[in-house]
Colleague: 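Got a structure for you, questions after.
The sequence lines fix the lettering, A, B, ..., with proteins before strands; numbering per chain opens at 1. Just so you know, these numbers use all the heavy atoms, side chains as well, and skip hydrogens, waters and symmetry mates.
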Amino acid sequence: MRETRLRFPPSPTGYLHIGGARTALYNWLYARQTGGKLILRIEDTDTGRSTEESIQGIIEGLEWLGIDYDEGPYFQTDFEQDHLAAARKLLEKGAAYKCFCSKEELEAKREAALAAKKPLGYDRTCRNLSPTEITEKEAAGIPSVLRFKVPERSGNLGYDDKILGRIESNYSEIDDFVIVRSNGKPLYLLCNVVDDIRDRITHIIRGQDHMTNTLKQVLLYEALEVPLPVFAHMPLTLDTKKAKISKRSHGEIVAVQFYRDSGFIPWAFNNFLALLGWSAGNDQEFYSKEELIKEFSLERINKSSAIFNYKKNDPKFFTDPKAIFINEHYLRTMDIAELGELVKNELKKEDLWHDGYDADKKDRYLQTVDLIRDRFHTLKDFTSLGRAYFADDFAIDEKPLAKNVLKFPELQKWLPELADRYEKLAEFSLEETERVARELSDELAIKPGIIINAMRTVVTGQLAGPSMFDILVTIGRERVVQRLRDVGKLFA
RNA sequence: GUCCCCAUCGUCUAGUCAGGUCCAGGACAUCGGCCUUUCACGCCGACAACACCGGUUCGAAUCCGGUUGGGGACGCCA
């Protein structure tokens with residue numbers, strides 16, 4: 001069987017957004033499953049809008065996701081000669097023709113057609129110009145574009161889509177589309193096909209927004225006398241108002257970079273993306289990389305578009321709840337050493353990392369991460385909500401401060417007393433710390449909860465958290481004692 | 001306007017190709033409850049959908065037709 005070759009061809013006119021990432025992911029999954037190759041091709045023929053920054057963003061986004069490619073990045077502009085050679089071939093064999101209509105004329109015609117509610121396509125004014133007319137216009141210096149000459153045939157043109165089935169349309173519906181600009185630069189429809197042919201692409205997995213392009217490109221393949229690759233048009237990702245998601249209208253929430261910067265685990269995000277438009281036909285929703293590569297199939301990609309369900313202005317659900325849920329799942333269940341590495345990056349960014357965490361204090365470090373991960377949503381939480389576990393300059397949340405501390409002024413005596421007892425303890429263990437805390441509350445004839453919750457607030461700054469005595473042992477005697485003694489500061 | 005695609009809970013979806021086992025299953029979210037000295041996890045429960053109208057059939061979420069709705073495309077962008 002011939003090698004499968006797939007490609008991801010973004011145009012570098014903005015960051016990598018989740019729709020693009022999902023397209024890349026599906027191509028990657030299929031390539032990996034079939035032992036084929038994935039090619040990254042930057043389609044930068046729109047020189048006005050392509051930027052270096054965008055190229056970097058796309059490459060970094062793919063890297064973060066872990067979507068690796070076997071060839072590239074290739075740059076479409078590097079192959080301009082190939083594109084033009086193909087255009088010449090088409091012109092010579094009569095499959096293309098020069099069009100001298102000006103942009104202004106075409107624009108006027110389009111507007112008129114729109115107003116009259118008529119079809120918007122090109123009216124083929126220049127399709128049957130005589131050689132003399134062409135020579136005259138050229139002599140007069142009138143610029144021209146090259147248009148593809150859609151064959152004059154009755155009946156339908158079509159192809160078999162791996163996801164949607166047979167797609168057909170009448171030849172008369174296809175426009176004579178432009179393949180070379182008046183400035184001599186080739187255009188997408190042509191470049192894309194020429195590159196796919198040169199790169200020996202066997203499967204084209206792309207969004208349904210390309211469906212009309214595909215019809216035209218099928219004609220190009222035919223004119224270039226090359227067999228068709230397999231086409232698979234994925235459903236689009238829409239917003240909650242069912243509009244196509246885009247950088248322009250949705251901002252950072254749809255950028256892959258946003259998820260990296262928000263503390264998502266790369267594979268968790270891939271897992272989420274994979275399920276947005278595909279399912280194995282069962283109830284499984286967590287897949288390891290290997291499982292997903294094995295289970296993925298083009299045939300089981302949904303036909304209908306999926307909605308990216310993010311809620312604006314909700315701090316807890318700042319993006320699609322399912323994405324957060326899947327991230328939480330990985331946060332809680334993934335290998336602790338692996339998670340330790342991810343958290344390490346976060347700590348470093350906040351200047352909270354100590355090299356000892358990788359050496360003599362490694363066990364303690366991983367134990368800490370393991371203790372607190374259950375309540376977190378993203379990697380960011382380790383340095384925000386979990387700051388007290390790694391530093392002394394953490395903030396005390398106002399709510400527990402009022403509820404658990406300020407409400408009981410006597411704590412200014414009780415907690416330092418507890419600190420004294422903890423300091424003298426022979427063994428600073430789970431059992432001992434709990435025994436002493438309960439003993440003290442007994443003596444004071446108060447509920448243990450008062451001491452425990454006050455301690456939680458003073459030691460971690462948080463209203464909620466793991467079992468209190470686990471926290472004490474994990475944070476360590478020295479820090480605990482100090483924080484308990486400093487309780488008076490909070491009343492100042 | 002023309003062409004193409006799509007249509008199951010709020011969202012992601014299973015079931016549709018091979019009609020009955022589906023008065024439609026799972027997950028997220030939401031709301032209760034249990035657990036917990038806190039919170040989360042976990043567990044239990046509740047809410048909630050076959051767009052509509054015809055047809056075929058003993059029987060339709062499933063097949064056919066139409067309607068409606070949604071999306072996409074219609075560029076000297078990609």
Colleague: Can you list everything that forms a ring-ring contact (aromatic ring centres under 6.0 Å, His included) with A:F325? Sequence neighbours excluded, please.
Modeller: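 A:F325: ring-ring contact (aromatic ring centres under 6.0 Å, His included) contacts with A:F286.
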Colleague: Salt bridge between A:E432 and A:R435, side-chain N to carboxylate O under 4.0 Å?
Modeller: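 A:R435 and A:E432: salt-bridged.
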Colleague: Can you give one letter per nucleotide of nucleotides 37-48 of chain B, 5' to 3': B if a protein heavy atom sits under 4.0 Å from the base, S if only from the sugar-phosphate, - if neither?
Modeller: BBBB--------
Colleague: With a 3.5 Å limit on both atom pairs, tell me what B:C39 is paired to, counting Watson-Crick and G-U wobble, or say none.
Modeller: none
Colleague: Can you tell me which nucleotide in B:C76, B:C12, B:G71 comes closest to the side chain of A:L238?
Modeller: B:G71
Colleague: Verify the ring-centre separation between A:F376 and A:F382: is it less than 6.0 angstrom?
Modeller: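 Ring centroids of A:F382 and A:F376 are less than 6.0 Å from each other.
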Colleague: Paired with B:C47: which nucleotide, if any, by Watson-Crick or G-U wobble criteria at under 3.5 Å for both distances?
Modeller: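 Here B:C47 is not engaged in any pair, so there is no nucleotide opposite it.
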Colleague: Could you tell me which nucleotide pairs with B:C9 by Watson-Crick or G-U wobble geometry, both distances under 3.5 Å, or answer none if nothing does?
Modeller: none
Colleague: Identify the pairs formed between an N or O of the protein and an N or O of nucleotides 2-9 of chain B at a distance under 3.5 Å, and give each distance.
Modeller:
unit_1, atom_1, unit_2, atom_2, d
B:U2, O2', A:E173, OE1, 3.4
B:C3, O4', A:E173, OE1, 3.4
B:C3, O2', A:S169, OG, 3.4

Colleague: Base, sugar-phosphate alone, or nothing: which one does A:R206 contact when heavy atoms must sit under 4.0 Å apart?
Modeller: nothing
Colleague: Where along residues 182-193 of chain A does a heavy atom fall under 4.0 Å from RNA chain B?
Modeller: A:S182, A:L187, A:Y188
Colleague: Check whether A:F8 forms a cation-pi arrangement with A:R41 (NZ or CZ under 6.0 Å from the six-membered ring centre, at most 45° off the ring normal).
Modeller: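 Not satisfied by the 6.0 Å and 45° rule.
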Colleague: Does the structure show a Watson-Crick or G-U wobble partner for B:A29, both distances under 3.5 Å? Name it, or say none.
Modeller: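 WC or wobble partner does not exist here.
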Colleague: According to a strict under-4.0 Å criterion, is A:R147 in side-chain N/O contact with OP1 or OP2 of B:G75?
Modeller: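 No, A:R147 has no side-chain N/O under 4.0 Å of OP1/OP2 on B:G75.
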Colleague: Once side chain to side chain contact (heavy atoms under 4.5 Å, CB included) is applied, do any residues pair with A:E152, and if so which ones, sequence neighbours excluded?
Modeller: A:R124, A:R127
Colleague: Do A:R332 and A:D374 meet the salt-bridge criterion of a basic N to acidic O distance under 4.0 Å?
Modeller: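 No salt bridge links A:D374 with A:R332.
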Colleague: Tell me whether the OP1 or OP2 atom of B:A14 has a side-chain N or O from A:N302 closer than 4.0 Å.
Modeller: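 Yes, within the criterion.
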Colleague: Using a strict threshold of under 4.0 Å (side-chain N to carboxylate O), is an ion pair present between A:K216 and A:D175?
Modeller: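 No, A:D175 and A:K216 are not salt-bridged.
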Colleague: So, A:F296 versus A:Y26, ring centres under 6.0 angstrom or not?
Modeller: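 Aromatic pair counts; centres sit under 6.0 Å.
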Colleague: Does A:L120 reach a base, just sugar-phosphate, or nothing at all? Heavy atoms under 4.0 Å.
Modeller: base
Colleague: Suppose we call a contact any N or O donor and acceptor under 3.5 Å apart; does that hold for the side chain of A:N213 and the base of B:A78?
Modeller: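 Present.
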Colleague: Not counting sequence neighbours, which residues clear side chain to side chain donor-acceptor pair (under 3.5 Å) with A:D397? List them please.
Modeller: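 With neighbours one apart ignored, the set is empty.
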Colleague: What I want to find out is whether A:K98 reaches A:E138 closely enough, with some N-O distance under 4.0 Å, to be called a salt bridge.
Modeller: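 A salt bridge is present here (some side-chain N lies under 4.0 Å from a carboxylate O).
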Colleague: Please determine, for B:G65, whether a Watson-Crick or G-U wobble partner exists with both distances under 3.5 Å, and give it or none.
Modeller: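 By the stated definition (distances under 3.5 Å), B:C53 pairs with B:G65.
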Colleague: Toward the 5' end of RNA chain B, which comes first, A:F308 or A:P321, by nearest nucleotide?
Modeller: A:F308
Colleague: What is the nucleic acid contact for A:V178, judged by heavy atoms within less than 4.0 Å: base, sugar-phosphate only, or nothing?
Modeller: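 Result for A:V178 = sugar-phosphate.
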Colleague: Under 4.0 Å between a Lys/Arg side-chain N and an Asp/Glu carboxylate O for A:E417 and A:R421?
Modeller: yes
Colleague: Which one is paired to B:U21, where only Watson-Crick or G-U wobble pairs with both distances under 3.5 angstrom count?
Modeller: none
Colleague: When you compare the side chains of A:K109 and A:T125, does any donor N or O come within less than 3.5 Å of an acceptor on the partner?
Modeller: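 A pair is found: one side chain offers a donor N or O, the other an acceptor, under 3.5 Å apart.
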Colleague: So what does A:K447 hit on the nucleic acid, given a heavy-atom distance under 4.0 Å: a base, only sugar-phosphate, or nothing?
Modeller: nothing
Colleague: Starting the side chain at C-beta, find the nucleotide from B:C77, B:C28, B:C74 nearest to A:K322.
Modeller: B:C28
